[in-house]
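A short write-up of the structure that comes next.
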Amino acid sequence: MGSDDYRFMAEAINEAKKSLKEGGIPIGAVLVEEGKVVGRGHNRLLQNNSTILHGEMDCIENAGRLKGENYQKSTLYTTLSPCTMCSGAIILYNIHRVVIGENTTLIGPEELLMENGVEVKVMGIDECREILEKYIEENPQTWESELERVGYHTD
């Protein structure tokens, strides 16, 4: 992984911290096309009482209506492994590469991404894991409720 991956993951971590400051779940993402950030976002489920504004979805939405060729040249950086919904958006828009900060707290369908031609890189960044683990420790009921809402079971 190149230095650009670390630089852009730092941007995604900043987005996760924004969510935390807003009272939300600390997950962030940036969409990068040819070395330039074209979209950024963070988890806004709690802040907006939303059912779909995960960090990746917020990021893709904030990038605006790009041309198909622009998505195909883009990399999505996300602090946490994308869920099924976010993975579906990545596949739908033919985003060719996803760089994940960590996938130990929660792992999404990374195999689905790879089966659909998406290059997946997991960086294993401690800061991504630590921010989310601290949030979960301090807000266990909120976290459990969000997981339950989408069919994850933690018991």
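For this chain, numbers begin at 1 and follow the sequence in order. Side-chain atoms are counted along with the backbone in the values below, which use heavy atoms only and exclude waters and symmetry mates.
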Practice task
Check the hydrophobic clustering (I, L, V, M, F, W, Y; side-chain heavy atoms under 4.5 Å; chains of links allowed) and say if Leu147 and Leu20 are grouped together.
Solution key: yes
Practice task
Would you check if the side chain of Ser145 reaches a backbone N or O of Gln141 as a donor-acceptor pair within less than 3.5 Å?
Solution key: no
Practice task
Check Ala16 against His42 and note the closest heavy-atom contact, atom names and distance.
Solution key: N-CB, 4.5 Å
Practice task
Would you mind checking if Lys121 and Glu119 are paired as a salt bridge, meaning a charged N to carboxylate O distance below 4.0 Å?
Solution key: yes
Completion exercise
Heavy-atom nearest pair, Ile25 first then Leu45, reads CD1-CD1, 4.5 Å
Completion exercise
Note: Pro82 and Pro109 closest approach over all heavy atoms is O-CD, 3.3 Å
Problem - Salt bridge Lys134-Glu137, side-chain N to carboxylate O under 4.0 Å - result: no
Exercise for the section: Consider only side-chain heavy atoms of I, L, V, M, F, W and Y, link residues closer than 4.5 Å, and tell whether Ile136 and Leu106 are in one cluster. Expected result: yes
Handout entry: Glu138, CD: over 12 other non-hydrogen atoms inside 6.0 angstrom
Key = yes
Completion exercise
Minimal heavy-atom distance between Leu66 and Asn70, with the atoms involved, is CB-CB, 4.0 Å
Handout entry: Trp143-Ile107 co-clustered via ILVMFWY side chain contacts under 4.5 Å
Key = no
Practice task
Go through Cys128 and Ile13 one step at a time and tell me if the side-chain contact (heavy atoms from CB on, under 4.5 Å) criterion holds.
Solution key: CA-CA 7 Å; Cys128 295; Ile13 291 169; 3.7 Å; yes
Handout entry: Over all atoms of both residues, closest heavy-atom pair of Met9 and Tyr77
Key = N-CD2, 4.0 Å
Practice task
Step by step, work out the side-chain contact (heavy atoms from CB on, under 4.5 Å) result for His54 and Cys83.
Solution key: CA-CA 9 Å; His54 291 187; Cys83 73; 3.3 Å; yes
Exercise for the section: Determine whether Leu92 and Leu112 fall in the same hydrophobic cluster, where Ile, Leu, Val, Met, Phe, Trp and Tyr are linked whenever their side-chain heavy atoms lie under 4.5 Å apart. Expected result: yes
Completion exercise
From the list Val118, Leu113, Thr75, side-chain contact (heavy atoms from CB on, under 4.5 Å) partner of Arg97 resolves to Thr75
Handout entry: Whether over 12 other heavy atoms sit under 6.0 Å from Glu61 CD
Key = no
Practice task
Check the side chains of Glu102 and Ser81 for a donor-acceptor pair under 3.5 angstrom, ignoring hydrogens and angles.
Solution key: no
Problem - Backbone of Ile27 reached by a side-chain donor or acceptor of Ser19 within 3.5 Å - result: no
Practice task
Taking Asn62 for its side chain and Asp58 for its backbone only, find out whether a donor-acceptor pair lies under 3.5 Å.
Solution key: yes
Exercise for the section: Check the pair His96 / Gln72 against side-chain contact (heavy atoms from CB on, under 4.5 Å), numbers first and verdict last. Expected result: CA-CA 6 Å; His96 86 283; Gln72 292 167 17; 5.7 Å; no
Problem - Salt bridge present between Glu127 and Lys17 (N-O < 4.0 angstrom) - result: yes
Problem - hydrophobic_cluster_shared for Met57 and Ile91, side chain cutoff 4.5 Å - result: no
Completion exercise
Here the gap from Asn94 atom CG to Asn116 atom CG, rounded to the nearest 0.5 Å, amounts to 9.0 Å
Practice task
Measure across Cys86 and Glu56 and return the closest heavy-atom pair with its distance rounded to 0.1 Å.
Solution key: SG-OE1, 3.3 Å
Problem - Exceeds 12 heavy-atom contacts within 6.0 angstrom, atom CD of Glu111 - result: no
Fill in the blank from the handout: Which of Val30, Asn103, Ile100 passes side-chain contact (heavy atoms from CB on, under 4.5 Å) with Thr78? Answer is Ile100
Handout entry: Salt-bridge criterion met for Arg149 and Glu146 (N-O under 4.0 Å)
Key = yes
